Amino acid sequence: MDIHNIDVKEMKRTEVNQVLQEGKVGSEILVKGWVKAFRANRFISLNDGSGFNNLQVVVDFENYPEELIKRISFHSCISVKGELVESQGAGQKFELVAKEIEILGDSNAGDYVLQPKKMTPEYLREKAHFRMRTNTFSAVFRIRHAVAFAIHKYYNDNGYYYMHTPIITGSDAEGAGEMFRVSALDPDNAPKGEDGKVDYKQDFFGKATNLTVSGQLQAEIGALALGKVYTFGPTFRAENSNTSRHLAEFWMIEPEVAFCDIHGDMDLAEDFSKYLIKYVLDNYPDDLKFLENRILDMEKQMPKEQRRPMPLIETLNFVIENDFERITYTEAVNILRSSKPYKKGRFEFDVEWGKDLQAEHERWLVEKKFKKPVIVVDYPKDIKSFYMRLNDDEKTVAAMDVLFPGIGEVIGGSQREERLEFLQKRMAEMDIPEHELWWYLELRKFGGCPHAGFGMGFERMVQFITGMSNIRDVIPFPRVPGSAEF
RNA sequence: GCCUCUUUAGCUCAGCUGGUUAGAGCGCCGGACUGUUAAUCCGUAGGUCCAAGGUUCGAGUCCUUGAAGGGGCGCCA
């Protein structure tokens with residue numbers, strides 16, 4: 001705790017969370033934080049970010065100069081020394097009777113862009129430098145941290161190695177979407193080759209390079225040496241995606257496991273997902289409760305059919321207590337084709353074997369048919385990536401998607417094609433030159449083995465756990481087409 | 001990339017088939033009150049109606065173009 005205290009000469013600062021959990025009545029303490037509310041000139045709700053709950057500071061305003069009292073305003077930063085007593089009010093156990101108050105940072109309410117009232121997420125998105133001070137966003141970002149921590153804990157406790165795959169990649173065959181070019185050349189004066197195109201041989205790396213779209217191919221290198229590895233890092237897609245579920249810069253978790261088939265992969269995906277949810281349920285109940293109430297409050301003004309079927313915490317508990325539904329792509333197609341909305345022509349897109357399932361189909365399966373997370377496995381090979389293992393029917397590959405209610409695809413994974421000749425055939429069919437991935441092919445020539453893995457969209461998981469409807473509200477500084485402020 | 005909606009006070013919004021001085025709630029500010037929990041009560045101030053053109057005697061309201069934001073779809077995690 002000392003490490004947080006810059007004022008060692010006076011008194012150790014106690015964090016609000018610690019006061020609320022283990023405060024001793026009668027003790028003299030020093031707290032610092034931001035004013036969330038100042039009621040009746042007497043009651044300050046103080047929060048220092050250490051937890052969701054505030055400490056009530058009682059100010060006998062009669063004993064303080066009016067000038068000081070006026071400076072205690074919304075989100076001003078103060079330091080308070082006082083005595084902890086049992087609260088006379090009903091809303092809290094303890095309260096701090098102030099003996100000394102110091103203003104650390106003023107916040108003139110008339111000029112401040114935040115107000116002590118409900119503000120829309122869209123408005124707050126434009127004030128990203130302040131939005132973490134609100135109840136909603138501080139809860140979201142505490143939970144974001146919790147999920148990140150739980151990821152490392154899960155894999156460490158299960159014998160995985162955290163592997164750092166490159167952010168800048170020299171391979172443009174990862175096959176996961178449009179990439180951001182990385183170049184040190186002067187764009188206005190780039191050297192040109194004989195063909196008139198930019199000559200990247202003269203660029204920093206001696207070749208064209210991009211920001212990674214996935215660490216999977218490199219993670220396979222790790223898995224075929226260390227057995228079980230995972231990556232957790234930023235990933236970039238230059239797709240012009242304008243939705244509430246896409247970011248141009250997002251974080252992805254990619255475990256890769258040797259001696260694992262598609263069934264083991266699905267087991268891992270389910271167990272891992274449940275672990276993350278349970279970790280937040282166990283450790284951040286106050287933040288979750290607040291987010292749940294926030295949603296219930298918003299839904300009061302919505303028609304019934306647009307409301308969530310269950311409140312947030314109940315949804316999370318339901319997910320960890322029940323098995324995910326597992327169906328093959330072929331079964332999914334059959335179920336969809338015999339469904340009511342299909343027969344009544346309610347779907348915008350047709351369902352036909354060989355075509356990818358559309359969002360509306362996935363949503364129906366998850367939210368209407370099974371009412372829980374669904375894992376769809378064994379997709380037609382022609383709609384999936386080159387590295388996915390061909391099944392014995394030679395029509396499908398051992399690929400799976402985990403679909404969550406309200407979000408859709410949170411995880412996409414597969415058993416990898418470990419058989420060299422099958423992989424080469426697939427790459428040829430998809431026009432991927434072997435020299436681009438020579439090292440990837442060599443993994444199949446020397447000591448290859450069956451292995452599998454998946455990618456989980458970190459922000460999508462945080463979205464599911466927090467119930468936030470827009471992915472831009474679960475990452476501190478969202479990067480989306482046309483927007484890179486902050 | 002496509003479709004759609006929105007843009008009026010600091011914030012969230014209302015403003016009828018075009019018609020004088022532009023409305024509310026909350027917030028801010030001022031006052032009252034003081035054991036509050038989104039405190040309460042009273043009052044004041046605050047607006048180039050997103051921008052540029054156009055139609056009209058007259059435009060917040062209608063038309064065109066543009067900008068910003070939301071929602072949906074596609075692509076995916």
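Note on naming: letters A, B, ... go to the chains in the order of the sequence lines (proteins, then strands), and numbering restarts at 1 for each one. Keep in mind that this is a model prediction, so the values were computed, not measured.
Counting only heavy atoms from C-beta on, His246(A) has its side chain closest to C76(B) among A39(B), U34(B), C76(B). The Lys70(A) side chain lies nearest to G30(B) when the options are G1(B), A39(B), G30(B). Out of G70(B), G71(B), G27(B), the shortest distance to the side chain of Pro116(A) is found at G27(B). Nearest nucleotide to the side chain of Arg39(A), out of G71(B), U36(B), G35(B): U36(B).
Remark: Asn470(A) is in phosphate contact with G71(B), judged by side-chain N or O atoms under 4.0 Å from OP1 or OP2. Within the 4.0 Å cut-off from OP1 or OP2 of G72(B), at least one side-chain nitrogen or oxygen of Ser244(A) is found.
If you take atom P in G53(B) and the same atom in G10(B), they sit 24 Å apart, rounded to whole Å. C3(B) and U64(B) have their P atoms separated by 15 Å, with the value rounded to a whole Å. Across A24(B) and A45(B), the matching P atoms stand 12 Å from one another, rounded to whole Å.
Atom CG in Leu336(A) sits 4.5 Å away from atom CG in Leu365(A) (nearest 0.5 Å). Taking CG from Leu288(A) and CZ from Phe52(A), the interatomic distance works out to 11.0 Å, rounded to the nearest 0.5 Å.
A side-chain donor-acceptor contact under 3.5 Å links Ser414(A) and Arg416(A).
In this structure, G74(B) makes no Watson-Crick or G-U wobble pair, since no nucleotide meets both defining distances under 3.5 angstrom. Across all strands shown, A24(B) forms a Watson-Crick or G-U wobble pair, both distances under 3.5 Å, with U12(B).
In Trp34(A), the CH2 atom is not crowded: 12 or fewer heavy atoms of neighbouring residues, nucleotides or ligands sit closer than 6.0 Å.
Aromatic ring pairs are classed by plane angle as parallel below 30°, tilted from 30° to 60° and perpendicular above 60°; the pair His164(A) and Tyr162(A) is perpendicular.
Residue side chain Phe250(A) meets the stacking definition with respect to A77(B): its ring centre sits within less than 5.5 angstrom of the base's six-membered ring centre, and the planes differ by less than 30 degrees.
Between the CG atom of Asn242(A) and the C1' atom of C5(B) there is a distance of 15 Å, given to the nearest Å.
The residue among Gln88(A) and Ala109(A) whose nearest nucleotide of RNA chain B is located toward the 5' end is Ala109(A). Mapped onto RNA chain B by nearest heavy atom, Phe38(A) and Ser87(A) fall at different nucleotides, with Ser87(A) at the one closer to the 5' end.
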